[in-house]
Amino acid sequence: MLSLAALSTAAFGPLLGGIMTHWLGWHAIFSINIPLALITLLLVRAGIPPAPRRATHWRRVLLEIDPVGMLLFTAALMTLLLWLFEADRLGYGVLVASALLWPVFVIHSLRQATPFINMRMLIDNVPLSLTYLRASALMMVVYCIVYGYTQWLQSVGYSSAEAGLFMLPIATVSAASSLVGARTKGIRGPFLFSIACALVGSALLLMLHTGSPVWTIVAVGLLFGPPQGMFMTATQAAVYVQASANDIGAAAGLQRSAQYIGAIGAATALANIFGQRASDTGLHHLGMMMGLLCAAALLLTILDRTIPRGAVG
């Protein structure tokens with residue numbers, strides 16, 4: 001039910017963003033964050049009971065949050081992104097720096113009692129690591145649609161507000177499939193169904209072009225609803241089942257991190273595939289890349305015998 005509520009409210013994001021961009025300019029999508037943040041702050045103050053105060057020294061806080069791990073992870077990720085976006089200008093030196101930083105980060109994390117990212121848990125818990133890998137792959141596909149489909153729609157003549165309207169049916173199917181997935185016994189079935197929908201949708205992107213009728217654009221988009229809804233519900237359930245009781249907080253946080261890695265991958269892919277403009281050819285190349293990711297995720301899910309088959313709860 002929490003996932004359904006989150007997806008239902010998120011359904012209005014692309015629509016409202018498209019309307020604001022159309023009427024107020026693209027700066028509005030950032031300025032709206034100011035009143036939203038203030039409203040959220042007031043709601044938290046009103047609805048969340050205060051935590052009991054405890055005396056904690058600032059040095060202990062620094063040890064618990066692992067600032068060195070944060071810096072190493074940020075540096076490794078940023079150098080990798082810089083190379084992905086500016087490879088022609090920066091050369092391979094930045095890539096080498098990123099390749100050196102990642103093992104340093106892993107070694108540092110393994111030596112910490114409370115690391116920024118619990119690498120020991122990822123190494124020891126293979127089923128959980130596979131769940132994160134699956135989530136990153138499919139979230140990359142989902143964000144390619146969220147970021148890229150709207151770009152292509154605007155490039156073929158639709159306004160930003162109309163592009164937002166095209167995303168509303170996808171979000172509706174996403175919320176409905178989330179509820180269906182939550183009521184389904186087991187996790188494997190929702191995983192296979194949602195990934196299969198994404199695979200079929202990716203293949204059908206190859207059929208779209210500038211003159212495609214509205215109903216075909218909507219119909220293809222609907223196939224990406226279950227990957228956003230049902231898949232995420234199944235992933236959340238898998239994390240709760242596969243993580244130990246002591247690691248459940250860190251595991252839930254890493255689930256979100258896996259999604260963001262997928263978002264970063266999608267942004268990088270779109271920058272390299274679309275370039276300055278989202279063309280029909282770019283959409284078809286995007287569909288082929290997404291199809292390969294979906295096929296790999298589907299094969300991984302079929303071969304993964306660690307996914308619970310029975311009822312979860």
Side-chain angles (χ1 to χ4, degrees), residues 60-84 94-143 186-188 190-192 194-195 231-266 268 292-310 312:
R60 180 177 178 83
V61 174
L62 287 178
L63 289 175
E64 289 181 351
I65 65 174
D66 187 17
V68 175
M70 290 182 181
L71 291 174
L72 287 172
F73 179 80
T74 303
L77 186 60
M78 288 301 297
T79 49
L80 177 60
L81 288 176
L82 282 173
W83 182 79
L84 289 172
V94 177
L95 180 62
V96 172
S98 179
L100 294 174
L101 284 168
W102 283 115
V104 173
F105 166 71
V106 172
I107 294 172
H108 168 81
S109 299
L110 291 174
R111 292 177 175 177
Q112 299 301 305
T114 56
F116 173 58
I117 293 180
N118 194 340
M119 298 301 301
R120 179 63 61 189
M121 179 182 69
L122 296 177
I123 294 172
D124 294 341
N125 195 334
V126 175
L128 187 61
S129 297
L130 292 176
T131 295
Y132 292 145
L133 180 62
R134 187 185 301 108
S136 293
L138 210 66
M139 283 302 99
M140 183 172 174
V141 172
V142 167
Y143 279 109
I187 301 175
R188 179 177 292 271
F191 270 149
L192 292 174
S194 54
I195 297 173
F231 179 84
M232 291 313 303
T233 303
T235 299
Q236 185 175 348
V239 168
Y240 290 159
V241 170
Q242 294 168 336
S244 65
N246 293 331
D247 294 331
I248 193 68
L254 286 176
Q255 177 192 348
R256 180 67 64 178
S257 299
Q259 297 175 35
Y260 288 147
I261 290 173
I264 292 171
T268 305
L292 291 174
L293 274 176
C294 291
L298 187 62
L299 181 62
L300 172 64
T301 305
I302 293 173
L303 298 177
D304 186 1
R305 300 302 176 185
T306 66
I307 301 174
R309 294 177 175 271
V312 177

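If you read the sequence from its start, that first residue is 1, and numbering goes on from there.
S244 pairs by the side chain to side chain contact (heavy atoms under 4.5 Å, CB included) definition with N246, D247, not counting sequence neighbours. Every side chain to side chain donor-acceptor pair (under 3.5 Å) that T131 has, sequence neighbours left out, goes to Q242. Residues passing the side chain to side chain donor-acceptor pair (under 3.5 Å) test with Y240 are Q236, sequence neighbours excluded. Annotation: ring pair (Phe, Tyr, Trp, His ring centres under 6.0 Å) contacts of F73 (sequence neighbours excluded): W102, F105, F116. For the side chain to side chain contact (heavy atoms under 4.5 Å, CB included) test, residues two or more places apart in sequence or in another chain that qualify with V68 are D66, L72, H108. Among residues two or more places apart in sequence or in another chain, the side chain to side chain contact (heavy atoms under 4.5 Å, CB included) test is passed with V94 by T79, L82, W83, L90. By the side chain to side chain contact (heavy atoms under 4.5 Å, CB included) test, L299 is found to be paired with L303, residues two or more places apart in sequence or in another chain being considered.
Taken to the nearest 0.5 Å, the CD1 atom of I261 stands 13.0 Å off from the CZ atom of R256. A distance of 11.0 Å separates CG in L138 from CG in L300, rounded to the nearest 0.5 Å. With rounding to the nearest 0.5 angstrom, the CD1 atom of I302 is 10.0 Å from the CD1 atom of I307. Expressed to the nearest 0.5 Å, how far OG of S129 lies from CG of L122 amounts to 4.5 Å. To the nearest 0.5 Å, atoms CG (L95) and CG (L84) are separated by 8.0 Å.
Under a 3.5 Å cut-off, the side chain of S98 and the backbone N or O of A76 do form a donor-acceptor pair. Panel note: side chain S194, backbone F191; a donor-acceptor pair is recorded below 3.5 Å.
For the salt bridge (Lys or Arg N to Asp or Glu O under 4.0 Å) condition, no pair includes a residue of residues 103-123, sequence neighbours left out. Among residue pairs with one or both ends in residues 117-140, none qualify as ring pair (Phe, Tyr, Trp, His ring centres under 6.0 Å); sequence neighbours excluded. Sorted by first and then second residue, the salt bridge (Lys or Arg N to Asp or Glu O under 4.0 Å) pairs with a member in residues 125-136 read R134-D304; sequence neighbours excluded.
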Residues Q255, M232; criterion side chain to side chain contact (heavy atoms under 4.5 Å, CB included); working and verdict: CA-CA 10 Å; Q255 177 192 348; M232 291 313 303; 3.8 Å; yes
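Annotation: side chain of T233 is not in contact with side chain of P190 (no heavy-atom distance under 4.5 Å). No side-chain heavy atom of N118 sits less than 4.5 Å from a side-chain heavy atom of S109. Residues I264 and M140 have side chains not in contact (no heavy-atom distance under 4.5 Å, counting atoms from C-beta outward).
The two residues I195 and A297 have their closest heavy-atom pair at CD1-O, 4.0 Å. Shortest non-hydrogen contact noted between C294 and V141 is SG-CG2, 3.8 Å. Across I187 and A234, no two heavy atoms sit closer than the pair CG2-O, 3.6 Å.
Other residues, nucleotides and ligands contribute more than 12 heavy atoms inside 6.0 Å of the CE atom of M70.
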